[in-house]
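The structure under discussion appears below in the form of structure tokens.
Below, chains carry the letters A, B, ... as their sequence lines are ordered, and counting in each starts from 1.
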2 protein chains.
Amino acid sequence: MNTKIFIVDDHYMIIEGIRSLLQFQKGIEWMGHAMNASSCMAFLKQHEPDVILMDISLPDKNGIDLCKEVKTKYPETHIIGLSSFNQHSFIQKMLDNGASGYVLKNATLEELLNAIEKVVHGKIFLSPEAELTLEKNENPIIPVITRREKEVLLLIANGMTNNDIALKLFISTTTVETHRKNLLTKFEVKNTASLIRMATQLQLI
Amino acid sequence: MNTKIFIVDDHYMIIEGIRSLLQFQKGIEWMGHAMNASSCMAFLKQHEPDVILMDISLPDKNGIDLCKEVKTKYPETHIIGLSSFNQHSFIQKMLDNGASGYVLKNATLEELLNAIEKVVHGKIFLSPEAELTLEKNENPIIPVITRREKEVLLLIANGMTNNDIALKLFISTTTVETHRKNLLTKFEVKNTASLIRMATQLQLI
DNA sequence: CAAACAATCCCTTAAAAACAGGATTTTTAT
DNA sequence: ATAAAAATCCTGTTTTTAAGGGATTGTTTG
């Protein structure tokens, strides 16, 4: 019985690369590709691939959400996340949303075949580097901040002083100071420079 | 005369994809690939490709620096930047360092062939989206800062105070203040928050 | 309905950064 | 060699932040 493979990726070169790698492999049946989430869903209405290789970044929807959607409607399908990014949050979220694997785009043919083999047998496969990242559990400690604090944070990032912010938000300067104090505490930093640096790294700004 | 193509990319799937696309094209001679900067340089000691497709992110060195190095030693070679990222700074820096083109990884075969055709004739080729990005963001005003200023900037971003920096660099606090003053002037901002924000946006940090 | 949280406000003191306006020495490049 | 640029150091003053302590009023939510 052949394993039916489908790929969702908006990078033509990646699709072509994988197609060329898998096309003539024994036991693999190439079903084709989609370049965005909606045409993937359209395809699934008529076909039943065993394994979907799914890019994390798609033009219309991210692969993490798409993974959840596909697994909800078609629980039998095995999904392998496909990404250049060896990021803890991505890997974790894909697995949380029902993916059976996560393969980095610099994987070799062997690795890819291995991944497919594993997941069709109901096992989990992760690229070695991805596995390492997941183990290490580099928890980036994303602080929980309130709506108001985020508002103040953005205005600080825009170069406004406490006084400016107070005027803009129609609150007292001391209130802004308090929010700022709480932001520093929550981010575990001791000045504005570190605050803005961390916030941008965590993509809050 | 065939156009000799070489590719530097650490993504096996991309290499495979491009190889499969170009391999049997008329007028194209596939020379092979390197998966990092150093083996690229090693290859160039013995061979003379007409066009190098060069990924921006490589394991040992970034493609921007590699581009400069290659163009310095082998000015005749045409380089096409290859990246998933449609980012102004990347495109700009590649062109500044002598690249003749910038192609996004979701490009079609036609686009890629077009790019190769253009650059071997001494012209510049950019993917339409990349061209748009370059036009749109015409004046990002990247300030020219000195080595010392950059050093200070990084330390500021690390949360160090003027005093901390002075101790670390064995210079007077007032000197650090002066560097800081000049940074604010050059970035046309009025406080640390904006400075760090701009610097991260311009990818100087 | 309490307890927790969010948002608001206040005081005080110290530290840090920003603004203004210099000067001198060392490097770098023409 | 010499002019320009970079790096160094001043003296002041003013503004802004940081750190320590609170307190009050709503609003969620278990």
Side-chain angles (χ1 to χ4, degrees), chain A residues 139 141-202 204-205, chain B residues 65 68-69 71-72 75 93 96-98 141-205:
Chain A
N139 45 337
I141 319 166
I142 303 170
V144 180
I145 60 175
T146 68
R147 213 177 311 124
R148 200 55 153 174
E149 282 162 0
K150 177 146 194 185
E151 210 174 345
V152 171
L153 173 60
L154 290 178
L155 297 177
I156 293 172
N158 282 342
M160 293 172 78
T161 67
N162 290 339
N163 208 359
D164 295 339
I165 297 171
L167 290 171
K168 166 134 192 169
L169 299 181
F170 302 106
I171 56 179
S172 156
T173 307
T174 62
T175 305
V176 181
E177 277 169 15
T178 304
H179 288 313
R180 192 170 196 138
K181 204 192 305 183
N182 293 334
L183 282 167
L184 291 179
T185 305
K186 288 185 176 181
F187 279 80
E188 294 179 44
V189 293
K190 59 188 238 311
N191 58 34
T192 303
S194 306
L195 177 67
I196 299 302
R197 213 270 186 89
M198 269 205 72
T200 48
Q201 280 178 342
L202 296 173
L204 297 175
I205 291 176
Chain B
D65 293 340
K68 193 174 200 168
E69 197 178 333
K71 283 300 280 190
T72 306
K93 283 178 188 163
D96 286 349
N97 285 355
I141 319 168
I142 304 169
V144 179
I145 60 175
T146 68
R147 212 178 312 126
R148 200 54 153 176
E149 282 162 0
K150 178 147 193 184
E151 210 173 347
V152 171
L153 174 60
L154 290 178
L155 297 177
I156 294 171
N158 282 344
M160 293 172 77
T161 66
N162 290 337
N163 208 357
D164 295 339
I165 297 170
L167 290 171
K168 165 133 193 170
L169 299 182
F170 302 106
I171 55 179
S172 155
T173 307
T174 62
T175 305
V176 181
E177 277 169 16
T178 303
H179 288 313
R180 194 168 196 139
K181 203 193 305 183
N182 292 334
L183 283 168
L184 292 179
T185 305
K186 288 185 176 181
F187 279 80
E188 293 178 43
V189 292
K190 60 190 237 310
N191 59 32
T192 303
S194 307
L195 177 66
I196 299 300
R197 215 273 185 87
M198 269 205 72
T200 49
Q201 281 179 342
L202 296 173
Q203 288 159 327
L204 297 175
I205 291 177

* Side chains of Leu155(A) and Leu169(A): closer than 4.5 Å at any heavy-atom pair? -> yes
* Do Thr146(A) and Lys186(A) come close enough that some side-chain heavy atom pair is under 4.5 Å? -> yes
* To do: With sequence neighbours excluded, tell me which residues meet salt bridge (Lys or Arg N to Asp or Glu O under 4.0 Å) with Glu151(A).
  => Arg148(A)
* Check Gly159(A) against Ser194(B) and note the closest heavy-atom contact, atom names and distance. => CA-OG, 2.9 Å
What is the distance from [atom1] of [X] to [atom2] of [N], rounded to the nearest Å?
X	N	atom1	atom2	value
Asn182(A)	dA7(C)	CG	P	10 Å
Arg148(A)	dC5(C)	CZ	C1'	16 Å
Ile165(A)	dA7(C)	CD1	P	15 Å
Ile171(A)	dA6(C)	CD1	P	16 Å
Asn163(B)	dA14(C)	CG	C1'	14 Å
Leu183(A)	dA6(C)	CG	P	12 Å
Glu149(A)	dA7(C)	CD	P	7 Å
Phe170(B)	dT26(C)	CZ	P	19 Å

* So what is the end-to-end bend of the helix from dC1(C)-dG30(D) to dT30(C)-dA1(D), with 5 pairs used at each end and the value given to 10 degrees? -> 70°
* Reckon Thr174(B) touches a base, only the sugar-phosphate, or nothing at all at heavy-atom distances under 4.0 Å? -> base
* When we call it a touch if two heavy atoms are under 4.0 Å apart, what does Thr175(A) touch: a base, just sugar-phosphate, or nothing? -> base
Could you check whether any side-chain N or O of [X] sits under 3.5 Å from a backbone N or O of [Y], counting only pairs where one atom can act as donor and the other as acceptor?
X	Y	value
Asp164(B)	Thr161(B)	yes
Asn162(B)	Thr173(B)	no
Lys71(B)	Asn97(B)	no
Lys150(A)	Ile145(A)	no

* Between Thr192(A) and dA18(D), does any side-chain N or O lie under 4.0 Å from OP1 or OP2? -> yes
* Short side-chain N/O contact from His179(A) to OP1 or OP2 of dT8(C), under 4.0 Å -> yes
* **Of the listed nucleotides dT17(D), dT28(C), dC9(D), the one nearest the side chain of Asn162(A)** => dT17(D)
* Structure fact -> Quick note, Arg180(A) side chain, CB onward, closest among dC10(C), dA7(C), dA18(D) is dA18(D)
* Report, as yes or no, whether the 6.0 Å neighbourhood of atom CD on Glu188(A) holds more than 12 heavy atoms from other residues, nucleotides or ligands. => no
* At under 4.0 Å between heavy atoms, which parts of nucleotides 19-30 of chain D does protein reach? Answer with one letter per nucleotide, 5' to 3': B base, S sugar-phosphate only, - none. => SBB---------
